[in-house]
Protein chains: 2
Amino acid sequence: MCDQCDYGTLLRSVGLSDTPRRELVLGTIGNHQGVLRPSEILEKVRRRISINRVTLYRILDLLVQKKLVQRLSAGDRTFRYGLAGTSRHPDHAHFHCVHCGLMECLDPASIPLDLRQSQHPQLMKIERMEVRLDGLCQTCRSHPDV
Amino acid sequence: MCDQCDYGTLLRSVGLSDTPRRELVLGTIGNHQGVLRPSEILEKVRRRISINRVTLYRILDLLVQKKLVQRLSAGDRTFRYGLAGTSRHPDHAHFHCVHCGLMECLDPASIPLDLRQSQHPQLMKIERMEVRLDGLCQTCRSHPDV
DNA sequence: GAAGAAATGCAACTCAGTTGCATTTACTTC
DNA sequence: GAAGTAAATGCAACTGAGTTGCATTTCTTC
Ligand SMILES: [Mn+2]
Ligand SMILES: [Mn+2]
Ligand SMILES: [Zn+2]
Ligand SMILES: [Zn+2]
């Protein structure tokens, strides 16, 4: 997503100390195209450093809480994590392949997420919107085995 | 949602026999405003008849598979179930209160879910779209205790 | 009403995530 | 730079929602 980002600085900018594990978790999420499961993040981070499963979950919670990272649901029971929306990286919808579980980002322009919130002069307070398209990815579509 | 529906007929129309448990599960979902967790459905159905937890999950799977019922994710780890969209009951977005877990249906007109699929002449095959707004419901908003 | 099929129940299991507490690492203060 | 404190990490056990395998019950069909 953002190769030139300094993730250490980013961490400190929200009041978190930049430990090796936090920096690697955030970097793994930020440098990946699409969103990731905790198990995938674990695997990637462990190529660089040893990290406990629980530590990863705690770091993910922190990053979400500080709004650096976004927790998304794929319609299954495993959360996905991706960089939170910013002006440079606007919020966007995601596509989820119901066959292989792949979850990828859609072009922010194709489904503008922001304006629609204003169409709801409701009594509740809307904080965020999540849009997910489910279907078959290109691979699973053309390759009906497995 | 649909008080005048005959849920037995609805079950048979998709090739399922209408057993007492299936009819009660479908009726519970269909007559409720908003979407329900399995635990809530279980509680409601058990006021009428005894039913095993596993049986409920199997019935829910069947109803989803036959497209009578829709499985929604609330951003937490528990699925929600509501009637699937039809011409009379069009598909719509849902609001989820991050504080109390309430999940309610939004006016189908406010966020038209259909047309946007056509904006994706992608290589993947889109089967459905899910739109969820997260925030605080009216109660939790005005009542910040608990 | 017997035989076979479908539906339901029950116990054990799985998987993702959480909790409590011990240990290690990073910051302060002297 | 050592001691003391706070924060971060590790480890084991736990939780909650959902699933699986198989036994039992209920519904069909002849
Ligand atoms: Mn994304
Ligand atoms: Mn609904
Ligand atoms: Zn796929
Ligand atoms: Zn609420």
Side-chain angles (χ1 to χ4, degrees), chain A residues 7-8 11-12 14-29 35-46 48-66 68-81 96 98 101 103, chain B residues 7-8 11-12 14-29 35-46 48-66 68-82 96 98 100-101 103:
Chain A
Y7 293 113
L11 283 167
R12 282 188 299 271
V14 295
L16 294 175
S17 50
D18 66 325
T19 72
R21 283 162 190 82
R22 285 177 185 173
E23 210 166 310
L24 272 167
V25 169
L26 181 56
T28 301
I29 293 171
V35 296
L36 292 169
R37 300 176 163 99
S39 63
E40 295 168 323
I41 300 171
L42 201 61
E43 192 192 340
K44 286 174 189 290
V45 171
R46 277 180 173 164
R48 301 284 185 123
I49 197 177
S50 90
I51 182 175
N52 187 272
R53 216 166 60 86
V54 178
T55 303
L56 171 62
Y57 282 119
R58 285 198 276 235
I59 290 174
L60 290 173
D61 286 347
L62 263 181
L63 297 178
V64 169
Q65 184 189 319
K66 296 294 187 180
L68 295 181
V69 160
Q70 204 171 16
R71 168 180 302 179
L72 300 171
S73 54
D76 58 22
R77 300 185 25 84
T78 311
F79 293 125
R80 307 299 205 278
Y81 294 87
H96 175 240
V98 294
M103 196 155 170
Chain B
Y7 293 112
L11 283 167
R12 282 187 297 269
V14 294
L16 294 176
S17 50
D18 66 326
T19 71
R21 282 160 191 81
R22 286 177 183 171
E23 209 167 311
L24 271 167
V25 169
L26 181 56
T28 300
I29 294 171
V35 297
L36 291 169
R37 300 177 165 99
S39 62
E40 295 168 323
I41 300 171
L42 202 60
E43 192 192 339
K44 287 174 189 290
V45 171
R46 278 182 173 163
R48 301 286 185 122
I49 197 176
S50 91
I51 182 175
N52 187 271
R53 216 166 60 86
V54 178
T55 303
L56 171 62
Y57 283 118
R58 286 198 275 234
I59 290 175
L60 290 173
D61 286 347
L62 263 181
L63 297 178
V64 169
Q65 184 189 318
K66 296 297 187 179
L68 294 182
V69 160
Q70 202 171 16
R71 167 180 304 180
L72 300 172
S73 53
D76 58 23
R77 302 183 25 81
T78 311
F79 293 126
R80 306 298 204 279
Y81 294 88
H96 174 239
V98 294
C100 71
M103 196 155 170

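Letters go in sequence order (proteins before strands), and every chain restarts at 1.
- Taking CD1 of A:Ile29 as the reference point, atom CG of A:Leu68 lies at 9.5 Å (rounded to 0.5 Å).
- Rounded to an integer number of Å, the gap from A:Phe79 CZ to C:dG17 P is 6 Å.
- The distance from atom CG of A:Leu62 to atom P of C:dT18 is 12 Å, rounded to the nearest whole Å.
- For A:Arg12 and C:dA26, the CZ to P distance is 14 Å, given to the nearest whole Å.
- Set against D:dG16, C:dT8, C:dT18, the side chain of A:Arg77 has D:dG16 as its closest nucleotide.
- Within 4.0 Å (heavy atoms only), B:Asp18 reaches no atom of the nucleic acid at all.
- Nearest nucleotide to the side chain of A:Pro38, out of C:dG17, D:dT9, C:dG9: C:dG17.
- Between A:Leu11 atom CG and D:dA8 atom C1' the separation is 13 Å, expressed in whole Å.
- One atom, CG of B:Asn52, and another, C1' of D:dT26, lie 15 Å apart when rounded to the nearest Å.
- Taking 4.0 angstrom as the limit, A:Arg21 places a side-chain polar atom (N or O) nearer than this to OP1 or OP2 of D:dG10.
- Side chain of B:Arg21 to main chain of B:Ser50: a donor-acceptor pair is present (N/O by atom type, distance under 3.5 Å, no hydrogens or angles).
- At C:dA26, none of the side-chain N or O atoms of A:Ser17 fall inside 4.0 Å of OP1 or OP2 (strictly under the cut-off).
- Within the structure, a side-chain polar atom (N or O) of A:Thr55 is placed less than 4.0 Å from OP1 or OP2 of D:dG10.
- Straight-line distance from the CZ atom of B:Arg22 to the C1' atom of C:dA7: 6 Å, rounded to whole Å.
- By the 6.0 Å contact criterion, CZ on A:Arg48 is open, its count of non-hydrogen atoms from other residues, nucleotides or ligands being 12 or less.
- When rounded to the nearest whole Å, the span between CG of A:Leu42 and P of C:dG17 equals 11 Å.
- Within the 4.0 Å cut-off from OP1 or OP2 of D:dT9, at least one side-chain nitrogen or oxygen of A:Thr19 is found.
- Remark: B:Arg53 is not in phosphate contact with C:dC10, judged by side-chain N or O atoms under 4.0 Å from OP1 or OP2.
- Between A:Leu60 atom CG and D:dT9 atom C1' there is a gap of 14 Å when expressed in whole angstrom units.
- A distance-only check finds a donor-acceptor pair linking the side chain of A:Arg22 to the backbone of A:Ser17 [under 3.5 Å].
- A sub-4.0 Å separation between OP1 or OP2 of C:dA16 and a side-chain N or O of A:Ser39 is absent.
- A distance-only check finds no donor-acceptor pair linking the side chain of A:Arg71 to the backbone of A:Val69 [under 3.5 Å].
- Taking 4.0 angstrom as the limit, A:Tyr57 places a side-chain polar atom (N or O) nearer than this to OP1 or OP2 of C:dG17.
- The base of D:dG10 is paired with the side chain of A:Arg58 by a donor and an acceptor separated by under 3.5 Å.
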